[in-house]
Amino acid sequence: MSTHIGAKKGEIAETVLMPGDPLRAKFIADNFLEDVVQYSSVRNMFGFTGTYQGKRISVQGSGMGIPSLAIYTTELIKEYGVKTIYRVGSCGGMSPDVHMRDIILGQAGTTDSSIIENTFGPNMYYSPIADFELLDSAYHVAEEMGIKTKVGNIFAADRFYNDEIDTQKLIDYGVLATEMETSGLYLLAAKYHVRALTILTVSDHLLTGEAMSAKDRETSFDEMMRLALNTAVK
Ligand code: HPA
């Protein structure tokens with residue numbers, strides 16, 4: 001067992017869906033997977049393994065923010081041999097081109113987290129990017145499903161509440177939406193030579209002030225889950 005995931009070797013599939021919210025992990029396992037086994041409840045950061053269309057898939061909560069996601073991602077990869085991670089989550093729309101409930105594929109990650117500088121030092125502005133095969137596949141699976149996705153740059157904010165950041169500048173430079181994890185996920189995927197893709201649903205919008213309820217967030221992401229799962233079995 002690893003420090004933060006209470007699973008034995010072999011209990012986690014090579015492909016993992018990773019929502020931030022552990023209750024969303026349970027929701028995915030309960031509603032989309034078959035033959036489900038719960039492999040972890042450490043800190044209530046639930047993890048499940050089941051099958052989708054016959055393929056073994058795990059679902060693991062990451063918690064909020066890069067520090068939490070980095071714990072689970074690192075252990076999944078280093079201790080359990082995970083090769084492919086789909087982050088499925090919610091985001092705040094930033095660009096006027098994205099709207100509530102839109103599905104966004106994270107092509108690249110911008111961040112004000114220190115993780116880039118901690119990794120590369122002060123004068124190297126590394127760009128964490130999605131795995132192209134996963135991005136390409138998800139884009140085309142979405143088309144087949146009749147889902148129009150938006151593809152672009154995601155801002156992983158180090159703080160949810162931050163009135164000091166120049167949001168407009170990020171929008172001007174084409175950033176589509178904000179959450180708190182993608183840059184960290186893509187950086188770690190690059191470090192350990194595994195594949196990662198973030199798929200997001202717009203749950204609130206920074207420009208319009210619209211927002212979904214917590215209950216809505218938990219249950220209204222069916223399309224995104226299906227897209228992630230259909231891409232995973234492709
Ligand atoms: N900011 C950061 N993370 C988020 C947001 C947001 O507005 N919405 C959903 N996750």
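Each ligand, and each atom within it, is numbered from 1 in the order the structure gives.
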message: If you measure every N or O of Leu206 against every N or O of ligand 1, does any of those distances drop under 3.5 Å?
response: no
Exercise. side-chain hydrogen bond (donor to acceptor under 3.5 Å, both in side chains) between Glu210 and Thr208: does it pass, once the steps are laid out?
Worked result: CA-CA 5 Å; Glu210 297 164 277; Thr208 62; 2.6 Å; yes
The complete set of salt bridge (Lys or Arg N to Asp or Glu O under 4.0 Å) pairs with one or both residues in residues 224-234, sequence neighbours excluded, reads Glu144-Lys234
Around atom CZ of Phe120, are there more than 12 heavy atoms of other residues, nucleotides or ligands at under 6.0 Å? yes
Among Ala157, Gly89, Gly92, closest by heavy atom to atom 5 (C) of ligand 1 is Gly92
If we number the atoms of ligand 1 from 1 as shown, the ones under 4.0 Å from a heavy atom of Glu179 are 2 (C), 3 (N), 4 (C)
Sequence neighbours excluded, the answer for side chain to side chain donor-acceptor pair (under 3.5 Å) partners of Thr231 is none
Salt bridge or not for Arg87 and Glu179, using N-O below 4.0 Å? yes
Honestly, for Thr178 the part within reach of ligand 1 (heavy atoms, under 4.0 Å) is both
One finds that the ligand 1 atoms under 4.0 Å from a non-hydrogen atom of Met180 are 2 (C), 3 (N)
Under 4.0 Å between heavy atoms, the region of Ser90 that gets near ligand 1 turns out to be both
The answer for which part of Ser203 has a heavy atom under 4.0 Å from ligand 1 is side chain
| field | Sidechain N-carboxylate O distance under 4.0 Å for Arg159, Glu164 | value | yes
Under 4.0 Å from one or more heavy atoms of Phe160, ligand 1 contributes atoms 1 (N), 2 (C), 3 (N), 4 (C), 5 (C), 6 (C)
